[in-house]
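The structure under discussion appears below in the form of structure tokens.
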Amino acid sequence: MRAPMMRQLGDVIPLPVSVRPDPSADFRIAPDVSVGAGGEAAAVADELAVLLRQATGFAVPRVAGAAPIHLVVEEDAAKSPEHYRLDVTAGGVTLRAPTAQGLFAGLQTFRQLLPAETGTAPMNIPGGRIEDEPRFPYRGAMLDLARHFYAPADLRSYIDTIAQFKINHLHLHLTDDQGWRLEIAGWPLLTEVSGGEGTGVDGAGPGFLTAREYTDLVAYAATRFVTIVPEIDLPGHVNAVQFAYPELTADGVPVQQRVDAEVGYSSLPIGKEITYTFVEDVIRTVAELTPGPYLHIGGDEAFSTTAEDYRTFMSRVLPLAGKYGKRAIGWHEMAAVDLPASAIPQYWRIEPADDGVARAAAAGHQVIMSPADRSYLDMKYDESSPLGLDWAGLVSVERSYDWDPADRLPGVPEESLLGVEAPLWSETLRSLSDVQFMAFPRLPAIAEIGWTPRAARDWRSLRRRLAAFGPRWEAQGVNFHRSAEIDWS
């Protein structure tokens with residue numbers, strides 16, 4: 001067995017706020033190592049014990065008392081819930097945080113200090129102190145289930161991988177013209193007809209989540225401190241709705257099923273009361289199934305809805321999120337209307353300015369930044385990319401990293417930002433392997449933008465740290481793009 005390469009204390013993604021190495025204080029993991037924790041820290045300690053067993057081949061129990069590796073929750077309301085401090089000395093390792101969520105964030109840093117290979121004992125953990133917390137509270141990834149459905153096992157796998165980079169929100173695009181992917185009580189044809197065989201782009205992405213599967217997925221994500229953000233796209237992107245229920249068309253005439261990738265041609269009938277009965281039923285159901293604080297209502301590319309009808313629709317629908325205890329997120333087109341105080345526009349276009357988003361920020365609204373020419377993971381890496389689109393340009397790994405959300409839109413300063421999100425649309429994707437190929441290594445770059453202080457970010461440093469991550473992805477069975485920008489050797 002070859003000896004594992006010794007990692008440096010700061011060789012992690014995202015780069016921590018503060019790294020103070022102490023080469024004289026490396027901790028050597030011995031066969032009698034154990035992990036000590038109790039109470040809120042126990043679940044995170046159990047996961048760390050599993051990782052250590054995999055890495056070393058040692059038994060590594062979790063004990064309730066003192067141990068060479070110790071996890072502790074120290075409540076401190078003045079600190080971010082994701083704050084953590086990792087201390088490594090020759091005598092042991094201590095990970096402390098104000099919450100279990102903070103311990104979990106620290107665990108992701110600690111696991112990257114372990115070798116990628118399994119059973120590589122003996123090993124040292126580099127000595128020193130890391131003290132860390134996120135730049136933005138919202139760091140998201142979005143996955144499009146409407147154009148192609150991914151089974152719960154694939155979604156859990158994706159959650160496991162993104163959580164390693166401290167991504168803490170997974171936005172699921174559950175409905176679109178090509179398919180409806182979540183069971184809604186009282187409206188069974190949404191999934192029976194528009195979630196069944198022949199749905200998705202080219203008819204190649206059938207499937208849907210039952211209410212039980214969805215709630216199980218939400219609960220699983222919570223164990224990784226990932227909040228699920230469900231999206232029901234309205235009032236456009238609704239051909240799948242109208243194919244299942246013709247009464248939700250303007251004239252009551254059935255529409256044809258659509259499995260092409262065109263956008264902007266469908267719209268709910270704004271003047272029919274059944275539209276609002278349907279929408280409220282859906283929002284109430286999704287809110288009841290989702291314990292997280294957010295519900296995404298889409299609102300983009302409603303080209304078949306007049307501006308007046310769009311305002312009418314949003315004035316009735318946006319307050320429904322609040323009625324059922326959620327904050328409404330919507331694609332930034334919704335910023336053209338008067339917004340409820342808690343509503344969050346999500347900017348996704350490539351233009352250098354947007355008056356609606358700037359007005360919303362000036363009025364006190366938080367904004368999520370997702371510019372397509374920087375953060376859309378479905379854009380091709382380069383002209384030779386076998387998957388993806390290029391309408392927003394080619395998005396290399398460096399281009400996905402070389403921007404800052406506080407500079408992206410005039411009138412939207414750092415204090416107006418809730419965070420960043422990297423969307424991944426599925427028109428060209430057919431499997432979890434395809435999802436992984438498009439997300440990695442660009443998603444870690446976006447994760448670092450969302451976590452690491454702006455002044456500390458450096459492309460040359462990220463290139464080196466991404467290269468070191470290659471063997472880890474290989475060991476995990478993650479299909480990543482071996483970009484020529486990075487020396488994977």
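One-based numbering along the sequence shown.
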| field | Ring-face cation contact, Phe58 with Arg53, 6.0 Å cut, 45° max | value | no

| cation_pi(Arg408, Tyr347) dist<6.0 Å, angle<=45 | no

For [X] and [Y], take the angle between the two ring planes, folded into 0 to 90°, and tell me which bin it lands in: parallel under 30, tilted 30 to 60, perpendicular over 60.
X      : Y      : value
Trp488 : Phe480 : tilted
Phe165 : Phe440 : tilted
Trp348 : Tyr376 : parallel
Phe104 : Phe225 : tilted

| Closest heavy-atom contact between Pro410 and Ala358? |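 Minimum heavy-atom contact is O-CB, 3.6 Å.
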
| task | Identify the two heavy atoms, one from Ile167 and one from Ala447, that lie closest to each other, and give their separation to 0.1 Å. | result |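 Looks like CD1-CB, 3.8 Å.
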
| request: Kindly state whether the ring of His173 and the ring of Trp180 have centres lying under 6.0 angstrom apart. | output: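 Here the rings of Trp180 and His173 have centres that are no less than 6.0 Å from each other.
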
| field | Tyr294 and His169 aromatic centres sub-6.0 Å | value |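 Yes, they do, as the ring centres are separated by less than 6.0 Å.
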
Under 3.5 Å, which donor-acceptor pairs do the side chains of residues 59-78 form with other protein atoms, sequence neighbours left out?
residue: Arg62; atom: NE; partner: Asp46; partner atom: OD1; Å: 2.9
residue: Arg62; atom: NH1; partner: Ala37; partner atom: O; Å: 3.1
residue: His70; atom: ND1; partner: Gly36; partner atom: O; Å: 3.1
residue: Glu74; atom: OE1; partner: Arg96; partner atom: NE; Å: 3.4
residue: Glu74; atom: OE2; partner: Arg96; partner atom: NE; Å: 3.4
residue: Asp76; atom: OD1; partner: Ala78; partner atom: N; Å: 3.0

| query | Residues two or more places apart in sequence or in another chain: which of them pass salt bridge (charged side-chain N to carboxylate O under 4.0 Å, His left out) with Arg399? | reply |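 Counting only residues at least two positions away or on another chain, Arg399 forms a salt bridge (charged side-chain N to carboxylate O under 4.0 Å, His left out) with Asp373.
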
| message | Is there a side-chain contact between Leu95 and Tyr84 in this structure, where contact means two heavy atoms from C-beta onward sitting under 4.5 Å apart? | response | yes

| Would a 4.5 Å heavy-atom cut-off, applied to side chains only, mark Val412 and Val367 as touching? | yes

| query | Checking side-chain contact (heavy atoms from CB on, under 4.5 Å) against Leu320, which of Ile297, Ile283, Leu295 comes through? | reply |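 Only one of Ile297, Ile283, Leu295 forms a side-chain contact (heavy atoms from CB on, under 4.5 Å) with Leu320, namely Ile283.
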
| Point-to-point distance, once rounded to the nearest 0.5 Å, from CG of Asp22 to OG1 of Thr89 | 9.0 Å

| task | Give the intermediate values and the outcome of salt bridge (charged side-chain N to carboxylate O under 4.0 Å, His left out) for residues Asp216 and Arg212. | result | CA-CA 6 Å; Asp216 287 348; Arg212 176 61 182 271; 3.2 Å; yes

| message | Under the criterion salt bridge (charged side-chain N to carboxylate O under 4.0 Å, His left out), I'd like the reasoning laid out for Arg85 against Asp87: C-alpha separation, chi angles, the key distance, then a yes or no. | response | CA-CA 6 Å; Arg85 194 176 88 191; Asp87 288 295; 2.8 Å; yes

| request: Could you walk me through whether Arg135 and Asp404 pass salt bridge (charged side-chain N to carboxylate O under 4.0 Å, His left out), step by step? | output: CA-CA 12 Å; Arg135 178 184 179 188; Asp404 195 83; 2.8 Å; yes

